[in-house]
Structures are given as structure tokens and as C-alpha cells.
S.K.: 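Following this message is one structure expressed as C-alpha cells.
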Amino acid sequence: MKKIEHVGIAVSDLNQAIDVYEKLLNTDCYKTEHVESEQVKTAFFKSGENKIELLEATSPDSPIAKFLAKKGEGVHHIAFEVDDILAEMERLHNEGFVLLSESPKKGADNKMVCFLHPKNTNGVLIELCQEIKWL
Ligand code: CO
């Protein structure tokens, strides 16, 4: 794992949350994106080297809708940047962690992503992400 790439925050109203985080971080949201695979709309902010991702559900079946129903708004996941997501997935699987997908999925912000089940990570949903490089 190279570094924390971003922290994901589940919100019920993305536009309202964008206003709040623009004020909080004193910077504009640099990207919004609809991620079909996760049924979410996302908004990204930079704070120095770090990023914040806000996530709003686009369907009642979205993992974010389920999270909000259970826990309400708040920190949803911590994402770690990796150089080789397939190698990390294999390493973590061999260590006994439970991967939420068998192969990486196309995530937001030009990344391939895979999530780890929070039951094995002390209650924290962990995202692995690797930048997609267009050769
Ligand atoms: Co994320």
C-alpha cells in the first residue's frame, strides 16, 4: 500500500454536501462523476496531497443507500493507492481478508478498485485503488 488516496464520505444530498465541503476545504470540487458499477454519484476534492470523495446513492440498491439506512451519513471507506491491484488482492486474500469482488472494478476518478469486507478490518471498509494508465 503506497498511501491513503482518499477518504470516502456517504452523504444523502450530494449538492448540499458539495457546498459544505467547498466551504470547509476552501476549494472547489474538481470533479463529479456517476459510477454505474456502484450506483453512486461522486464528488472529489483535493486537500493538499489528499482527496475527499463524497458519495450519494443513485438507486435504493446502491451500497451507499444501504449504508445510509444502517448508519446514516459519515465516513464510508478509506482508499489506499496500490501499484499492482491484482498482486495486492492476491496477497490480502491469502492473508484471510475477504474481497468484495473477484476482479477489480472500474471505479471513480480513473481508478480500478476493489473493496475489502469490513468484518475483517475492524469495521472499516477498505478500498484498494490503482490509477488506470492509458498507454
Ligand atoms: Co473511494
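The structure displayed is predicted, hence computed values, not measured ones.
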S.K.: Run the side chain to side chain donor-acceptor pair (under 3.5 Å) test against Ser103 and tell me which residues pass, sequence neighbours left out.
M.R.: none

S.K.: Any side-chain heavy-atom pair from Ile18 and Leu54 closer than 4.5 angstrom?
M.R.: yes

S.K.: Can you name the closest pair of heavy atoms from Val7 and Ile4 and give their distance?
M.R.: CG2-CG2, 4.4 Å

S.K.: Run the salt bridge (Lys or Arg N to Asp or Glu O under 4.0 Å) check on Glu5 and Lys111 step by step: do they pass?
M.R.: CA-CA 11 Å; Glu5 213 280 335; Lys111 302 275 195 289; 3.5 Å; yes

S.K.: CG of Asp61: more than 12 outside heavy atoms within 6.0 angstrom?
M.R.: yes

S.K.: I'd like to know if the side chain of Thr42 reaches the main chain of Glu33, judged simply by a donor and an acceptor atom lying under 3.5 Å from each other, with no hydrogens or angles considered.
M.R.: yes

S.K.: When you compare the side chain of Glu90 with that of Leu86, does any pair of heavy atoms fall below 4.5 Å?
M.R.: no

S.K.: Hey, does Lys41 have a side-chain heavy atom less than 4.5 Å from the side chain of Val35?
M.R.: no

S.K.: Once side chain to side chain donor-acceptor pair (under 3.5 Å) is applied, do any residues pair with His77, and if so which ones, sequence neighbours excluded?
M.R.: His6, Glu53, Glu127

S.K.: Quick one: side chain to side chain donor-acceptor pair (under 3.5 Å) partners of Gln16, sequence neighbours excluded?
M.R.: none

S.K.: Walk me through whether Phe67 and Leu55 qualify under side-chain contact (heavy atoms from CB on, under 4.5 Å).
M.R.: CA-CA 11 Å; Phe67 179 90; Leu55 305 111; over 6 Å; no

S.K.: Kindly compute the distance separating CZ (Phe45) from CD1 (Ile9), expressed to the nearest 0.5 Å.
M.R.: 9.0 Å

S.K.: Going by salt bridge (charged side-chain N to carboxylate O under 4.0 Å, His left out), name the pairs with one or both residues in residues 14-32, residues two or more places apart or in two chains.
M.R.: Lys31-Asp109

S.K.: Heavy atoms only: give me the nearest Glu56-Asp13 pair and the separation to one decimal.
M.R.: OE2-CA, 3.4 Å

S.K.: Would a 4.5 Å heavy-atom cut-off, applied to side chains only, mark Leu125 and Phe115 as touching?
M.R.: yes

S.K.: Counting neighbours of NZ on Lys71 that are heavy atoms of other residues, nucleotides or ligands and sit closer than 6.0 Å, is the number greater than 12?
M.R.: no

S.K.: Please give me the minimum heavy-atom distance between Phe44 and Ala108, naming the atom from each residue.
M.R.: CE1-CB, 3.6 Å

S.K.: If you take all heavy atoms of Ala43 and Leu14, which pair is closest and at what distance?
M.R.: CB-CD1, 4.0 Å

S.K.: Below 4.5 Å, heavy atoms only, C-beta onward: do Leu92 and Leu128 meet side chain to side chain?
M.R.: yes

S.K.: Identify, with sequence neighbours excluded, every residue that meets side chain to side chain donor-acceptor pair (under 3.5 Å) alongside Asp83.
M.R.: Lys2

S.K.: Which heavy atom in Cys114 sits nearest to a heavy atom in Ile85, and how many Å separate them?
M.R.: N-CD1, 3.8 Å

S.K.: Applying the 4.5 Å side-chain criterion to the ILVMFWY set and letting contacts propagate, would Phe80 and Met112 be lumped into a single cluster?
M.R.: no

S.K.: Apply side-chain contact (heavy atoms from CB on, under 4.5 Å) to residues Ile132 and Lys106 and explain how you reach the verdict.
M.R.: CA-CA 9 Å; Ile132 299 170; Lys106 173 88 177 66; 3.8 Å; yes

S.K.: Are Gln39 and Ser59 close enough that a side-chain donor and a side-chain acceptor fall under 3.5 Å?
M.R.: yes

S.K.: Counting only heavy atoms not in Lys3, do more than 12 sit closer than 6.0 Å to its NZ atom?
M.R.: yes

S.K.: Are Tyr30 and Leu25 connected in the hydrophobic side-chain network, where two residues link if heavy atoms are under 4.5 Å apart?
M.R.: no

S.K.: Using a cut-off of 6.0 Å, state whether more than 12 heavy atoms not belonging to His93 lie near its atom NE2.
M.R.: no

S.K.: CD/Gln130 to NZ/Lys133 distance, rounded to the nearest 0.5 angstrom?
M.R.: 7.0 Å

S.K.: Transitively linked via ILVMFWY side-chain contacts under 4.5 Å: Met1 with Met89?
M.R.: yes

S.K.: Is there a chain of hydrophobic side chains (I, L, V, M, F, W, Y, each step under 4.5 Å between heavy atoms) that links Leu100 to Val82?
M.R.: no

S.K.: Just wondering, more than 12 heavy atoms not from Tyr21 lying within 6.0 Å of its OH?
M.R.: no

S.K.: Decide yes or no on side-chain contact (heavy atoms from CB on, under 4.5 Å) for Ile64 and Glu38, but give the supporting numbers first.
M.R.: CA-CA 8 Å; Ile64 294 300; Glu38 296 290 321; over 6 Å; no

S.K.: Could you please spell out the steps behind the side-chain contact (heavy atoms from CB on, under 4.5 Å) verdict for Lys119 and Phe97?
M.R.: CA-CA 9 Å; Lys119 73 181 178 185; Phe97 294 95; over 6 Å; no

S.K.: Is Asn94 atom CG crowded by more than 12 heavy atoms from other residues, nucleotides or ligands, each under 6.0 Å away?
M.R.: yes

S.K.: Is any side-chain heavy atom of Val124 closer than 4.5 Å to a side-chain heavy atom of Pro118?
M.R.: no

S.K.: Checking Glu73 now: which residues fulfil side chain to side chain contact (heavy atoms under 4.5 Å, CB included) with it, not counting sequence neighbours?
M.R.: Val11, Ser12, Leu68

S.K.: To the nearest 0.5 Å, what is the distance between CD1 on Ile52 and SG on Cys29?
M.R.: 12.0 Å

